[in-house]
Amino acid sequence: MESSSAATVSAGPGPGPSPADLLRRLRARGAADPVTHVERVPARAGVPAPWPSWAQAELRASFTQRGVVAPWQHQAEAANLAYEGEHVVVATGTASGKSLAYQLPALATLLADPRATVLYLAPTKALAADQLRAVAALELEGVRPACYDGDTPRAEREWIRRHSRFVLTNPDMLHHGILPGHAQWSGFLRRLAYVVIDECHTYRGVFGSHVAHVLRRLRRQCARFGATPVFVLASATSGDPATAAGRLTGLPVTAVTEDASPRGGVTFALWEPPLLPPDSSASPSVPAQATGGHDGATDLVQVRRSALRETADLLADTVAEGVRTLAFVRSRKGAEVVAASARRSLDDAVPGLGDRVAAYRGGYLREERRELERALLHGDLLGLASTNALELGVDLVGLDAVLICGYPGTRASLWQQAGRAGRAGQEALAVLVARDDPLDTYLVHHPEAIFGAPVEATVLDPANPYVLAPQLACAAVEAPLTPADLVLFGDGAKEAVDELVAAGALRQRPTGWYWRHRERPEVDLRGEGGAPVAVVESSTGRLLGTVDGGSSHFLLHPGAVYLHQGVSYVVDELDLADGCALVHTEEPDWSTHARDVTDLSVVSVRSYVDAGPVGMFLGEVDVTSQVVSYQRRRIATGEVIDTRPLDLPTRELRTVAVWFTLSPQSLALAGVQSADVPGALHAAEHAAIGLLPLIATCDRWDIGGLSTAVHPDTEAPTVFVYDGHPGGAGFAERAYGTASAWLRATRDAIAECGCETGCPSCVQSPKCGNGNNPLSKPDAIRVLDVVLANLPE
Ligand SMILES: [Zn+2]
Ligand SMILES: [Zn+2]
């Protein structure tokens, strides 16, 4: 969601210290300099463009009244392409005004053709509501914009179907409501001129693959009614947006990526919290990270000061300097810890000063959140700790400093968060504080991977049979499938239809494939890996939410701390037979981290590279895993309190994996003793999983791994990395396609970590089922050197 206004919000107190001065003071606090790199992101002047000649005077006047004097170049370029009938994706930065790019052609068309309609899709209801306000404020005659989602009262629905010409909804509603009810929507769909897909980079992985087919179903219904709408997509800055948008829509899409909106200069610092001395038991913040289970090898390894503490201190310091600062923290609990700790140190310094810092939680009402944003913009509040840029209002830009506690997972998100800093004509500061994590460590030592690299591509895989088959079933209910539909739904559609026929779900007739059942198939776009598990509060019987089956063992095991809407619960019981977890409210000061053990067998090889002693493979695998224990860790410090056993059944997953093998001879030649091979492969596997998000928009929790000195299926030392979703989500495929870049970054991340024997910043993994044992950091580098020396670029 973007503000449609090209004007930049500029408010708040007068100029504080310059970013350079501020940074100098911040980094002078400790003994060692925590800053690994400073990048000056220069200010950019905006490049305005003339209004398109086709934009009516009435439309221009409405925008001008809302403060848009003229479009920026990228807005005009995208709008012109869309108006000419080309599918277009505009992929530019935060607050660059992407809305205008689709509002212009869509609204001009509605004004020119009194019958035309527009469908707008946002990933969340809140974003659709924001956009509704923006369109309604233009007060254009006859447009009648309306939100149509799960909250829309029944009484209004029919009116919207009949009369609204600008319907704002979300993919779930399109899937569950609009497409199954296409007969009632025929008037709207027949006249559909534009489909707008906002924040389209959020449609990734399995969810994105589902949405891709929902859009194909939409196109199929439009085609039946004779409509061929133009698709206009808005994305955060992302790598190769044309390809991703093409995969999502199934259409050729032109990308507009040159951001022509003005921006203030930003001084961007990469910050690595200092390593703590190994024997500093005097320090209260030493997390007792164990390297092994119960074998006595539990010497403390060097660990860094927690990123949360570091961020809290930075927030207190910037606020003390009178600088309006927004701190992004990955978890809600973390955001509250940062705010509370900053408040405490400020109050210690100047009683009452702590009141100028707040936490911004998901549990607040919309009005409360907007009030906090206003207070920060106007300088009544000086510091805010928040979780996620998507939850923030579009107007909250132009801050003096942004602190980012831990790499947010993608460069796209990083820039979205940093983009909240800097107003036109004024310099701002952004600081990325690295967590104890291989990817964070790599990035603060490889600024070129942040500032020089293109943003990662959004990955989705519409050919995933676990997505394709249920989506074809939904399509068949909406209208019998024809051979032409198989082309529309793409690779694998024929095989999926054959399987649905074999399973008795579809019947083939001369006119097509027909759905045989009375009920519609139940397909959840966001769920995967088994039926969802309901989370129920025992004392009240209230349903708090659901967790997809695939994650339930990790998130809802007995003793798990479960966060919902900013409230903390603890799980008493996970009833797998009934598909529910019973919880009670409790706010312990620890978090829980489940661990699993895994077995894997190769089903088939899709593609491979034979590189002498090294083999690189992509294929299908069966993974058997079991969540066996969980760790409790102190939230503020990361200290491990204990590890507790769990008794949960094993589960099977058929998915896609990338794997490499090495000959034992090549390992021996590289100096890896045979006793060290398991630790070498295991360490390489952990780091490789940690670095995969560098090249694909996934989270390390989307991916699993397994390494072994000899695997029965490959008969060689092997490292497997697999998608944690049934059928795969495209991550392993992406890793295979960019294997040398991915493993080069992995190798460098390990080699450049300052620790002696391996730490959470390089080869240790927070989700290891074997308690991070065995691990050999130096041998992992040797393993990767052998792979990289043999693998073609
Ligand atoms: Zn390390
Ligand atoms: Zn492991």
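First listed ligand is number 1; within each ligand, the first listed atom is number 1. If you're wondering where the values come from, they're calculated on a predicted model, not measured in any experiment.
In this model, no donor atom of one side chain and acceptor atom of the other lie less than 3.5 Å apart for Ser601 and Asp713. With hydrogens and angles left out, the side-chain atoms of Tyr630 and Thr643 include no donor and acceptor closer than 3.5 Å. Using a 3.5 Å distance cut-off with no hydrogens or angles, the side chains of Thr441 and Ser761 do pair a donor with an acceptor. Ser707 and Glu685 are linked by a side-chain donor-acceptor pair at a separation below 3.5 angstrom, with hydrogens and angles left out of the test. At a cut-off of 3.5 Å, with distance as the only test, no side-chain donor of Gln626 or His553 sits close to an acceptor on the other residue.
Relative ring orientation between Phe268 and Trp415 is described as perpendicular, the plane-to-plane angle rising above 60° on a 0-90° scale split at 30° and 60°. The aromatic rings of His686 and His682 sit perpendicular, their planes meeting at an angle over 60°, well past the 30° parallel limit.
Here the protein contributes His682 NE2, His686 NE2, Cys768 SG as N, O or S atoms under 2.8 Å from the Zn ion (ligand 2). Excluding waters, the protein N/O/S atoms found under 2.8 Å from the Zn ion (ligand 1) are Cys753 SG, Cys755 SG, Cys759 SG, Cys762 SG.
Cation-pi geometry between Arg632 and Trp590 is satisfied (NZ or CZ under 6.0 Å from the ring centre, within 45° of the ring normal).
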*With side chain to side chain contact (heavy atoms under 4.5 Å, CB included) as the test, would you mind laying out the steps for Leu414 and Ile404 before giving the verdict?*
CA-CA 8 Å; Leu414 183 77; Ile404 300 166; 3.8 Å; yes
